[in-house]
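Atom set for the values below is all heavy atoms of this structure, side chains included, hydrogens, waters and symmetry mates excluded. All of these numbers come straight from a predicted model, not from anything done at the bench. So you know, we letter chains A, B, ... as the sequences are listed, proteins then strands, and number each from 1.
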Amino acid sequence: MQIVQNIHQAVIKSLFTIYNLAFTEKDFQVNKTKPEFEGDYTVVLFSLLKTTGTSADKLGQELGADLVKNNPELFTRFNIIKGFLNFHIADSFWIALLQNNYNDICYGKKPLNGKKVMVEYSSPNTNKPLHLGHLRNNFLGWSVAEILKASGFQVVKSCVVNDRGIHICKSMVAWQLFANDATPQSTHMKGDHFVGDYYVKFNDEYKKEVKELTDQGIPPAEAEKQAPIMIATQEMLQDWEAGKPGVINLWNKMNGWVYEGFDVTYKTIGSDFDETYYESQTYLLGKDIVQQGIDKKIFFTKHDGSVWIDLTAEGLDEKLVLRKDGTSVYITQDIGLAKQKYEEYKIDQSIYVIGDEQNYHMKVLKLIAQKMGVPAADDIHHLSYGMVELPTGKMKSREGTVVDADDIVAEMEKEAEEKTAALGKVKDFTAEELKHLFHTIGLGALKFFLLRVDPKKRMVFNPEESIDFHGFTGPFIQFNYARIKSILRKNELVPGKKVAPDFLPLEKELIILLEQFEAVIEQACAELNPSAIAIYVFTVAKTFSSFYTEHSIANAETAEKKQLRLQLSVMTANVIKSGMQLLGIDVPERM
RNA sequence: GAUCCCGUAGCUCAGCUGGAUAGAGCAUCAGCCUUCUAAGCUGAGGGCCAUUGGUUCGAAUCCAAUCGGGGUCACCA
C-alpha cells in the first residue's frame with residue numbers, strides 16, 4: 001500500500017476513535033510536506049474543522065497524539081503550523097520499503113487485471129514518409145501501451161493504414177507522368193521518400209496548371225476542378241474502386257515501396273503492432289451498421305437518399321453517415337471498424353491516438369457507437385494530442401515543409417556522436433557498440449523531448465535550435481543511470497548485509513520519491529499522459545545527482561551507510577530504467 | 001455564428017481532483033573536477049499565474065464574462 005493511503009487510513013481510524021465520526025479519503029488531503037517545513041507528510045486539517053467542531057490546534061494535537069501513540073511504526077513525531085499537521089515518518093518504515101523493493105525490477109507495476117485494451121496509433125498515409133508529427137503520435141502510442149501494461153492491462157497495439165483515396169492516387173498519377181519508370185531501387189531511395197516526392201510533385205504541377213487556367217481568366221474554384229492532373233487523379237480513383245487491374249497493380253507496387261520504407265523507420269524508432277488494418281479493406285465496413293441504424297430509427301434518410309444521424313440533442317449537428325450515391329463516409333467506416341475490433345479481440349477498452357483536429361470526429365464516433373450499442377463503447381478514449389508546428393507555422397507535406405522522421409532521427413544520432421566524442425569517455429567501445437550508444441542517446445533525446453510535455457498542448461519545434469542534451473532531457477537521465485551502473489560495477493552490494501538505520505536529508509528525499517513511483521504510474525494511466533512519467537523520472541535522476549555529489553557512496557562513513565547507499569542506488573537505477581521503459585526509451589550501461 | 005483546447009520567469013514547460021513563501025530546464029551571472037562518470041553540482045537574478053468579477057477560512061487551480069492564440073463544425077480523410 002502506498003504511504004499516502006496508509007496515512008489516510010490511519011487518520012480515518014483515529015478520527016473515528018476520537019470523535020466517533022466516519023470520514024473517507026476524499027474528506028481531507030494528505031500531502032508531501034513542503035521542504036521549508038519540518039516533517040515528511042502533512043495532513044491538511046481545515047476541511048475537518050466544521051464536522052469535528054474543533055479548532056485546528058485542538059484537532060491537530062488530539063489527532064497527532066493519537067496517531068503517534070497507535071502507529072509508532074509509521075509516525076514518530078508531529079508538529080502543527082496553522083492548520084497543517086506535519087508528521088515525521090519512521091525511518092524504519094523507509095528502511096523496510098527499501099529492503100523489500102530495491103532489487104525488484106517490477107517495482108511499481110501491477111499484476112494483470114484481466115482487462116484487455118486496444119491502442120490504435122501511428123496510422124500513416126501511404127503517400128508520404130513519416131514526419132515529426134507522426135513521431136509524436138508513435139511515441140505517445142507506444143508509451144501509453146507500456147503504461148497500460150504496467151497498470152495490469154493486456155494491450156493490443158493496432159495501426160490503421162490509410163492506403164486508399166484521392167490523396168494516394170495523386171502520387172500515383174504523378175509517378176505515371178514524371179517518373180519514366182524510375183523505382184526506389186533505380187534511384188537508391190527509401191521507398192516512402194520516393195513516393196512522397198511524387199506527392200509533392202503532383203502538387204507543384206497542380207498549382208502550375210491552376211495558375212495557367214486562372215491566367216486565362218477562369219475563376220479559381222473552377223480552375224481547381226479543371227486542372228488536367230486533377231481530372232486524371234479523379235479518374236484513377238474511380239478506376240481503383242472499379243478494380244481496374246492496371247491501376248490496382250500500380251497501387252500495389254507503390255504501396256509496397258512505401259511499406260518497405262515504413263518498416264525501416266518503425267524498426268529504427270521502435271514501433272510495432274499486433275494488428276494492422278488497411279483502409280482498402282475496411283472502407284466498406286459499416287454499411288450493415290447503417291441499415292441497422294435505420295431499422296432502430298437512430299439514423300434517418302433524407303429525400304435524396306443520403307442517410308444522417310441527428311445529434312442536435314447532444315449539442316452537435318446532423319451528421320452524414322451514408323452519401324446519396326450509397327458510398328460510406330469516414331465516420332461510417334470507423335464505426336464499422338470499432339465494432340470489428342470488439343468482435344475480434346473482445347477488448348474492454350479502445351484508445352485512439354489521434355491529433356486534436358479530430359476531437360469533434362471522435363466525439364461523434366463515440367456517440368454513435370454508444371447509440372448503436374457497440375460493446376464497451378463507453379470505454380472509447382481519444383488520446384488527443386496537439387500538432388507539432390514549425391516557427392513558421394504548420395508543417396505541410398504537400399509543400400515539402402516538414403521535418404522528416406528519418407532525417408531528425410539521423411540528426412539526433414549525429415549530435416549524440418559529436419557530444420560523446422567531445423567527452424571521450426567510451427574510447428574502448430567497438431564500432432558496433434558506439435553505433436548502438438549513439439542511437440540510444442539520440443533517439444532517447446528525441447523521444448523525451450516529444451513526451452515530456454502534456455500531449456494535448458501543441459508544440460513548436462525549431463529546426464535551427466538543436467534538441468538539448470542537458471537539463472530536463474533524456475540524455476541527462478540516461479547519464480545518471482550510467483553513472484549508477486558505474487558505481488555498482490566498482491562497489492559490491494552484499495545482499496543481507498546490515499544497513500544503517502537512519503537517513504540523511506538527501507537520502508530521505510530520494511527514498512520518499514522512489515516510494516511515489518506506483519502512484520505516478522497510476523496517474524499517468526488514468527490521464528493517458530506519459531509526461532507525468534517523464535517529469536517524475538527526471539526528478540528522480542536529479543535528486544540522485546544531488547545526493548551523489550553531496551555524499552560518497554564508495555567511501556561512506558560506515559559500512560552500514562555504504563550498504564544503505566548502494567541499495568538506494570540500485571533502487572534508483574531500477575526505477576529510472578522502468579520509468580524510461582514506460583516512455584519507450586532505453587538506458588545505456590555506460591555513456 | 002456554434003463548440004472545444006491553450007494563455008504561468010526572456011524562451012520551453014511543471015503545478016490545475018482548491019491549501020503553507022508559485023517550481024524545473026534553457027539562457028544570463030558567480031562558484032565547484034589530484035576522491036564513485038562535470039551530459040554534473042551549488043548559489044544569484046528573473047513572476048500583477050492574460051484581464052475583470054464571483055464562490056471560499058483559503059484561488060494559478062473552481063465558476064462567469066472579456067481579451068489574445070489555435071482547432072473543429074465538408075456528400076474530405
So what does A:K425 touch, heavy atoms closer than 4.0 Å: a base, only the sugar-phosphate, or nothing? base

Strand partner of B:C73, provided both Watson-Crick or wobble distances fall under 3.5 Å: B:G1

When the P atoms of B:A38 and B:A50 are compared, how many Å lie between them, rounded to an integer? 40 Å

Distance flag, aromatic centroids of A:H131 and A:H134, threshold under 6.0 Å: yes

Under 4.0 Å, heavy atoms only, any strand: does A:F37 hit a base, just the sugar-phosphate, or nothing? base

Say we look at B:C13 and B:U8: how far apart would their C1' atoms be, to the nearest angstrom? 9 Å

B:G58 to B:U42 separation - P atoms, rounded to the nearest Å: 38 Å

What interatomic distance, in whole Å, is found between C1' of B:G18 and the corresponding atom of B:A44? 33 Å

Using a heavy-atom cut-off of under 4.0 Å over every strand shown, decide if A:S306 touches base, sugar-phosphate, or nothing. base

Base partner of B:C11, which must satisfy Watson-Crick or wobble distances under 3.5 Å: B:G25

Pairwise C1' distance for B:U28 and B:G10, with rounding to whole Å: 10 Å

Just call it for A:T42: base, sugar-phosphate, or nothing, with non-hydrogen atoms closer than 4.0 Å on any strand. base

What is the pairing partner of B:G68, taking Watson-Crick or G-U wobble pairs with both distances under 3.5 Å in any strand? B:C6

Side chain of A:N31, backbone of A:T42: donor and acceptor closer than 3.5 Å? no

For B:G68 versus B:A30, give the span between their C1' atoms, rounded off to a whole number of Å. 39 Å

Any base atoms under 4.0 Å from A:T420, or only sugar-phosphate, or nothing? Heavy atoms, all strands. base

For A:V460 and for A:E357, locate the closest nucleotide of RNA chain B by heavy-atom distance; then report the residue assigned to the nucleotide nearer the 5' terminus. A:V460

Using a distance-only test with no angle check, is there a side-chain donor-acceptor pair under 3.5 angstrom linking A:T126 and A:N255? yes

Between A:E527 and A:Q523, do the side chains contain a donor N or O and an acceptor N or O under 3.5 Å apart? yes

How is A:N31 classified with respect to the nucleic acid when contacts are heavy atoms under 4.0 Å: base, sugar-phosphate, or nothing? nothing

With heavy atoms under 4.0 Å as the rule, sort A:I535 into base, sugar-phosphate or nothing. sugar-phosphate

Going by atom types only, do A:R483 and A:S545 share a side-chain donor-acceptor pair under 3.5 Å? yes

As its Watson-Crick or G-U partner within any shown strand, both distances under 3.5 Å, B:C62 has B:G54

I'd like to know whether A:F23 forms a side-chain contact (heavy atoms from CB on, under 4.5 Å) with A:L48, so could you lay out the CA-CA distance, the side-chain angles of the two residues, the decisive distance to 0.1 Å, and finally the verdict. CA-CA 9 Å; A:F23 290 95; A:L48 298 167; 3.6 Å; yes

Any base atoms under 4.0 Å from A:M591, or only sugar-phosphate, or nothing? Heavy atoms, all strands. base

Integer angstrom distance from the C1' of B:G47 to that of B:U12: 16 Å

Looking at every strand, decide which applies to A:F476 at a 4.0 Å heavy-atom threshold: base, sugar-phosphate, or nothing. sugar-phosphate

By nearest nucleotide on RNA chain B, pick out whichever of A:L437 and A:I331 is the more 5' one. A:L437

When you look at A:Y352 and A:Y121, which way does the ring pair (Phe, Tyr, Trp, His ring centres under 6.0 Å) test go after all the steps? CA-CA 6 Å; A:Y352 294 76; A:Y121 76 110; over 10 Å; no

Which part of the nucleic acid does A:S552 contact within heavy-atom distance under 4.0 Å: base, sugar-phosphate only, or nothing? base

Does B:C57 sit syn or anti, given that only angles within 90° of 0 count as syn? anti

With sugar-phosphate meaning primed atoms plus P, OP1 and OP2, does A:F479 contact a base, only sugar-phosphate, or nothing at under 4.0 Å between heavy atoms? base

Using a heavy-atom cut-off of 4.0 Å to chain A, what are the terminal contacting nucleotides of RNA chain B, in 5' to 3' order? B:C5 to B:A77

Taking B:A64 as the reference, what is the distance to B:A27 when you measure between their C1' atoms (whole Å, please)? 39 Å

Hydrogens and angles aside, do A:S384 and A:N359 bring a side-chain donor and acceptor to less than 3.5 Å of each other? yes

Within the structure shown, what part of the strands sits under 4.0 Å from A:N86 by heavy-atom distance: base, sugar-phosphate, or nothing? base

Compute the ring centroids of A:Y330 and A:H361, then answer whether they are less than 6.0 Å apart. yes

Have a look at A:H382 and say if it touches a base, only the backbone sugar-phosphate, or nothing, with a 4.0 Å heavy-atom cut-off. nothing

Pick base, sugar-phosphate or nothing for A:K319, based on heavy-atom distances below 4.0 Å to the nucleic acid. nothing

